[in-house]
Amino acid sequence: MSDNRSVAEAFEELADLLEITGANAFRVNATRKVARILNDYQGDLREAAEESGGLESIEGIGASSADRIRQWCASGNISEIDKLRSDVPEGLIELLHISGIGPKTVRRFWQEAGITDLQSLKNAIEEGTLESLPRMGAKTIANIAESIAFAEQASERTSIGIALPVAEELAQALLDTGHADRVEYAGSLRRGCETIGDIDLLATASDASRLVSAFTTLPGITKVLAAGDTKASIRIDAGIQVDLRIVSASEWGAAMLYFTGSKEHNVLLRQRARESKRRLNEYGLFPDDGEEASPQSRGIEPIAGSTEESIYDALGLSWRPPELREARNELEQTPTLIVDADVRRDLHTHTTASDGHLSIEDMANEAIRRGFDALAITDHSRSSVQANGLDAERLIAHVENIRRVDASMKDIKLLAGSEVDIHADGSLDYDDEILAMLDIVVASPHVALKQSPKDATARLIAAASHPHVHIIGHPTGRMIGRRPGLEPDMAAICKAAAAHDTALEINANPRRLDLCDLHVRLAVQHGVPIAINTDAHDASHFDFLRYGVLTARRGMLTAELCINAWPIDRLMEWLDR
DNA sequence: GCCGTTTTCGGCCCGACTGTTTTCAGTCG
């Protein structure tokens, strides 16, 4: 694990411990914010710690957090966390992460019922000892028991590759009931996050209560968590929670803004509204007259609210693409981000020659069907034995096949390539003379993904500096939620890639999304060319493109820097260089 | 704990829903 992530986790734990001990909520929030900032931080934390005032210059990190980070850098731990750990039973932290149980409840369980972990909570529920606590009725206890059961069998977050199609189906299902006028998904899904906690749907309807009852009786529901006049939550059998909020058309923009988040972005906007004596909530942007009761409940007319644009405009900001609403560089100028339609070709795909499911012809026809002007066939190299990688002899025959099919097809340009393994030491899996005969070389790490950051950096710099390499494929080799992959000094990789005009790939497979959004941002800042490829092994895998584009947009990628979006002549020149 | 062309102290985003109360605390997003 990288230093930055380790310290971020320490601060996350500190926030949990503070919450359980009943610390000031603003202090807890500030601590969580520090954890998030450290997690996003792309610089060298140790370097910043050594520089006088280096840490304090990062917005959101004050003197005491800076001291704690320096302490961590020097000794590997933080004394306040150690102190709290000795006071608070370790098992309480996992209770905090169960839906419906918050810090106050954890604290009461601990201090008033002697509960110290999940098991003792389950025992207390079974023995009925919780009911003696105030404000702890039978229904609350039953809900907690159910949340525990759910948490024990469900994984924490869902891949965007699963959630996005489900959200689109649900939105269509609600429209099909005839009770909704408009339904769209919002939340982390709309922001294009790689994983999502739940699906947020926003709707307009002439009869909200009928839509709520239609929603809570959709097929495939395992539990209705809440059902109010304008808001309802369900859990569906895919194990995902889905929230529906029904608003009027005049509130649509404010609600979309609020429901899309991120929470931190909303806070920024609301702070900005307050600075100019206005008040932003999910019903609109209102003048702030100092009254506590909500303005919409007092019939006050909003300044803006029907569209997101109108609200940003009234706050003196330009509309912000959802992918960039993460409270990172929010005031930075937004370039025109790449869109799906900009991508004209896929430069990393497989066929039956290695571990793909379709022939060269079938892949080419699928690419034509999707409107691509070119397709690179890049089967695995010899070391990827598990993927039926090609030795030099098979590769030469395969290249001949690709060129023969290419000659027979008018509507697409086929590029004969390879996805060449990058060995642990940075050398490649084919000799230079073999590589030289290929149209395109994608070099990817597949093994030795646990090597040290130092070795990983040297390995990837060597590959990015190789004269025959065009693209570094899935640079870290991570699998989301399963393995972290390499953790190189990405800034150093970007410098090498920029110097040698080598592209870094965003592998669009939703299980990978590698580069991740923050690495894309770094690469874009270094002017590194970026490839967005699906790594398709089958026709349906071309659908992954959208996830790659969302990740690219989160990294502020423009079409200009994306080699898949260039005019074909420019690409061919670049490949030939 | 963080922050400051109003403040170095005193603020810190805002509302819906539930379950428990009988006016509201806690949780969530």
Side-chain angles (χ1 to χ4, degrees), chain A residues 11 14-15 18-19 22-37 55-69 80 95-109 131 133-144 147 186-189 191 196-202 208 212 216 224-233 241-247 251 254-255 257-286 288 292-297 315 327:
Chain A
F11 274 81
L14 176 58
L18 286 170
E19 240 182 352
N24 176 303
F26 294 109
R27 186 181 166 201
V28 174
N29 261 342
T31 306
R32 288 205 194 284
K33 188 175 171 188
V34 170
R36 192 175 60 83
I37 289 165
L55 293 169
E56 288 89 341
S57 70
I58 303 170
E59 196 185 329
I61 297 182
S64 38
S65 291
D67 281 345
R68 294 194 175 113
I69 295 166
E80 187 178 13
L95 300 188
L96 212 47
H97 299 145
I98 290 170
S99 166
I101 303 183
K104 301 266 168 55
T105 308
V106 170
R107 192 170 155 78
R108 279 173 52 212
F109 282 168
E131 286 169 55
L133 295 180
R135 295 192 70 88
M136 195 53 63
K139 252 182 163 168
T140 301
I141 293 169
N143 282 339
I144 289 173
S147 288
S188 51
L189 205 49
R191 302 201 310 277
I196 61 112
D198 55 22
I199 294 173
D200 301 302
L201 296 176
L202 194 62
V212 165
T216 52
V224 176
L225 298 162
D229 295 335
T230 61
K231 193 173 163 181
S233 292
Q241 180 174 328
V242 186
D243 299 333
L244 173 69
R245 181 73 176 258
I246 300 159
V247 302
E251 300 159 353
L257 202 54
Y258 155 77
F259 230 8
T260 298
S262 65
K263 203 172 119 192
E264 291 81 7
H265 183 74
N266 288 346
V267 169
L268 282 179
L269 294 184
R270 286 173 174 174
Q271 281 170 343
R272 196 170 170 101
R274 286 173 66 97
E275 285 164 14
S276 55
K277 287 268 180 287
R278 287 172 295 180
R279 187 160 154 183
L280 179 64
N281 61 29
E282 58 260 52
Y283 297 98
L285 180 68
F286 297 89
D288 189 359
E292 195 180 323
S294 63
Q296 72 276 3
S297 69
L315 292 174

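Just so we're on the same page: letters track the sequence lines, and every chain starts at 1.
Of the P atoms belonging to B:dA25 and B:dT21, the separation is 13 Å, rounded to the nearest Å. Annotation: B:dT18 and B:dC12 have their C1' atoms spaced 27 Å apart (nearest Å). Across the P atoms, B:dG11 and B:dC17 are found 31 Å apart, a figure rounded to whole Å. Comparing B:dC28 with B:dT23, their P atoms are spaced 26 Å from each other, to the whole Å. When the P atom is used for both B:dG4 and B:dG15, the distance is 26 Å, rounded to whole Å. Of the C1' atoms belonging to B:dC13 and B:dT20, the separation is 26 Å, rounded to the nearest Å. As rounded to the nearest Å, B:dG1 and B:dT6 have C1' atoms that lie 22 Å from one another.
Using N1 to N3 plus N6-O4 or O6-N4 for Watson-Crick, or N1-O2 and O6-N3 for G-U wobble, each under 3.5 Å, B:dT8 pairs with nothing.
Under a 4.0 Å N-O distance rule, the pair A:Glu264/A:Arg191 does not qualify as a salt bridge. A salt bridge links A:Arg32 with A:Glu19; the closest basic N to acidic carboxylate O contact falls under 4.0 Å.
No donor-acceptor pair closer than 3.5 Å links the side chain of A:Arg245 to the backbone N or O of A:Ala255. Between the side chain of A:Arg274 and the backbone N or O of A:Asp288 there is no donor-acceptor pair closer than 3.5 Å. Panel note: side chain A:Ser147, backbone A:Ser99; a donor-acceptor pair is recorded below 3.5 Å. Side chain of A:Asn266 to backbone of A:Tyr258: a donor-acceptor contact under 3.5 angstrom is found. At distances below 3.5 Å, at least one donor-acceptor pair connects side-chain atoms of A:Thr216 with backbone N or O atoms of A:Val212.
Counting any heavy atom pair closer than 4.0 Å across all strands shown, A:Arg68 reaches sugar-phosphate atoms only and no base atom.
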TODO: Treat primed atoms plus P, OP1 and OP2 as sugar-phosphate and everything else as base, then score nucleotides 17-29 of chain B 5' to 3': B for base contact with protein heavy atoms under 4.0 Å, S for sugar-phosphate contact only, - for none.
DONE: SSBS---BBSSSB
Task: Letter per nucleotide, 5' to 3', of nucleotides 2-12 of chain B [B base touched, S only sugar-phosphate touched, - untouched; heavy atoms, 4.0 Å] - done: SS--------B
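With A:Arg68 as the partner, the side chain to side chain contact (heavy atoms under 4.5 Å, CB included) test is satisfied by one option alone out of A:Leu14, A:Val34, A:Leu55: A:Leu14.
Of the side-chain N and O atoms in A:Asn266, none sit less than 4.0 angstrom from OP1 or OP2 of B:dC13. Within the 4.0 Å cut-off from OP1 or OP2 of B:dA16, at least one side-chain nitrogen or oxygen of A:Tyr283 is found.
By the 6.0 Å contact criterion, CG on A:Asp67 is enclosed, its count of non-hydrogen atoms from other residues, nucleotides or ligands being greater than 12.
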